[in-house]
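Report on one structure; see the data block that follows.
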Amino acid sequence: MPIAFKNTYARLPESFFEKAEPTPVIQPSLIALNHELATELGIDPGFLRSDEGLAILAGNSIPSGAEPLAMAYAGHQFGGFSPQLGDGRAILLGETGGKDIQLKGAGQTPFSRRGDGRSALGPVLREYLVSEAMHALGIPTTRALAAVLSGELVLREQPEKGGIFTRVASSHLRIGTAQYFAARGDTDSLKALVGYAIQRHDPEATDAFELFQSVIAKQARLVAQWMGVGFIHGVMNTDNMSLSGETIDYGPCAFMDRFNPAQKFSYIDQNGRYAYANQPGIAQWNLTRLAEALLPLFHDDQEKAVTMAKGELENFPDLFDSAYFKIFSKKIGLPENYDRELIQILLDLMATQKADFTLTFRGLANGPDAFLSNFGDQEPVRDWLARWNAAGNPDTTLMKTVNPAYIPRNHRIEEVIEAAKQGDFAPFHEIHSILREPYQDKDGFEKYQQTPSPDEVVCNTFCGT
Ligand code: AMP
Ligand code: MG
């Protein structure tokens with residue numbers, strides 16, 4: 001058996017999923033295969049490259065040992081609750097090497113509602129590049145095993161080339177999974193979910209409350225890590241927040257260029273609910289929804305259960321702050337919690353002067369000129385620099401290991417997608433090779449470092465639907 005599948009999710013009660021098989025496509029071809037990840041999972045990359053492997057990655061053949069299914073979940077989307085979402089365009093094949101293997105865009109499932117179950121090429125390439133960049137930056141995330149061109153068109157605003165994305169995740173359990181059972185008053189399934197999540201993610205946890213505590217800690221750290229690289233998730237709905245603490249569901253996400261705490265990109269996020277600076281608050285809001293769902297498992301006495309949940313949720317801002325300042329202390333090369341005010345003053349200067357987030361921090365590690373060049377009005381920045389220098393011995397070597405030279409800049413991603421739509425995948429492969437080593441300066445690739453010029457700026461990102 002070329003892929004040794006386990007199907008622990010398929011062994012859960014029937015309420016957890018619907019069986020769903022991928023729908024074959026006419027003429028698939030491989031765009032990208034993640035050799036390193038395949039090897040990590042114990043899959044021979046050579047096999048995945050073969051006709052048989054491609055057929056699996058395209059959804060044209062079901063690998064032996066796989067029990068394909070669509071997962072059930074609910075979710076709060078932009079604050080409104082949908083009791084039934086579920087995998088409408090994703091099919092879980094099974095687990096290998098302890099990870100879920102899922103095909104995104106492989107056709108309709110019982111949860112597709114009016115959707116076609118397909119993905120356009122653009123979102124497939126975006127998720128491939130951004131999730132792998134996130135991994136290279138050292139931030140927990142789902143990963144990309146493969147991208148396939150389906151050879152078919154999908155109908156969006158206009159007909160677009162279709163793609164199939166193979167996603168690898170520690171699991172696809174979401175806050176919305178717990179909400180799905182809670183909304184149905186199905187406590188047995190909720191208990192089964194908690195047991196399963198503990199087994200996969202938190203073997204030390206002994207009950208639902210300890211699992212909850214661990215999810216809070218992981219999410220606080222995750223969102224702080226996003227903030228540290230200027231990442232905006234874009235759709236932090238409760239169905240897009242994982243119990244494993246990995247970044248999941250890259251839709252209209254983006255890395256920020258010029259620093260603006262109120263920045264949002266997602267076209268569908270008209271009110272900026274999921275803007276950069278709102279992310280910690282939204283994470284806490286989502287975790288409150290998780291608490292509500294798990295409440296009956298915290299304690300038989302509802303009042304006590306509520307007190308327990310509240311106490312834990314109140315810890316979130318401190319957990320977030322401590323992770324956040326730890327990260328930003330490193331970014332300016334100073335010991336943990338050396339001077340929180342110094343960090344805030346710099347961020348304020350960056351915001352008022354619209355300094356590029358990535359280049360400013362990288363510049364600080366490269367010397368005063370590289371740093372100051374990001375600001376128009378340098379006087380107040382020089383004052384900051386003097387205070388920073390007086391702070392001791394900022395560790396610029398450490399800074400270069402936490403302040404990336406390269407992030408997946410939106411305007412470059414859009415360029416790559418445009419070229420791919422014309423059949424040219426060379427830019428995709430080039431940017432991918434740069435983003436694999438984001439902390440490594442590379443001669444000749446400056447264009448991937450630069451802030452977009454005014455005519456290059458991408459204001460909106462669009463969902464994968
Ligand atoms: P997302 O925006 O990816 O978080 O998806 C939200 C919900 O819409 C999930 O239940 C998806 O499975 C579903 N969905 C998104 N796109 C499609 C599509 N093209 N076909 C069917 N369902 C979809
Ligand atoms: Mg989703």
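Whatever order the structure lists ligands and atoms in, that order sets their numbers, starting from 1.
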Run the numbers for me: atoms of ligand 1, each under 4.0 Å from some heavy atom of [X], listed by number.
| X | answer |
| --- | --- |
| Asp87 | 12 (O) |
| Asp249 | 4 (O) |
| Arg113 | 7 (C), 8 (O), 10 (O), 13 (C) |
| Gly115 | 20 (N), 21 (C) |
| Asn240 | 4 (O) |
| Gly86 | 9 (C), 10 (O), 11 (C), 12 (O) |
| Arg156 | 19 (N) |
| Gln77 | 6 (C) |

### Query
Heavy-atom count around Gln27 CD within 6.0 Å, excluding the residue itself: above 12?
no
### Query
Under a 4.0 Å heavy-atom limit, does Tyr73 contact ligand 1 with its side chain, its backbone, both, or neither?
side chain
Mind checking whether [X] and [Y] have parallel, tilted or perpendicular rings, split at 30° and 60°?
| X | Y | value |
| --- | --- | --- |
| Phe328 | Phe361 | perpendicular |
| Trp285 | His76 | perpendicular |
| Tyr128 | His432 | perpendicular |

### Query
Yes or no on ring-ring contact (aromatic ring centres under 6.0 Å, His included) for Phe111 and Tyr73, after CA distance, side-chain angles and deciding distance?
CA-CA 10 Å; Phe111 298 113; Tyr73 53 83; 7.6 Å; no
### Query
Do Tyr274 and Asn237 have side-chain atoms, one donor and one acceptor, less than 3.5 Å apart?
yes
### Task
Answer with yes or no whether the side chains of Thr206 and Glu210 bring together a donor and an acceptor at under 3.5 Å.
yes
### Query
Does Asn237 bring an N, O or S atom to within less than 2.8 Å of the Mg ion (ligand 2)?
no
### Message
Among the N/O/S atoms of Asp249, which is closest to the Mg ion (ligand 2)? Give the atom name.
### Response
OD2
### Summary
Taken to the nearest 0.5 Å, the spacing of Leu48 CG from Thr166 OG1 works out to 8.0 Å
### Message
Using the ring centroid of each side chain, check whether Phe255 and Phe357 are separated by less than 6.0 Å.
### Response
no
### Message
Please compare Ala72, Gly117, Gly88 and report which has the shortest non-hydrogen distance to atom 22 (N) of ligand 1.
### Response
Gly88
### Query
Do any heavy atoms of Asp239 fall under 4.0 Å from ligand 1?
yes
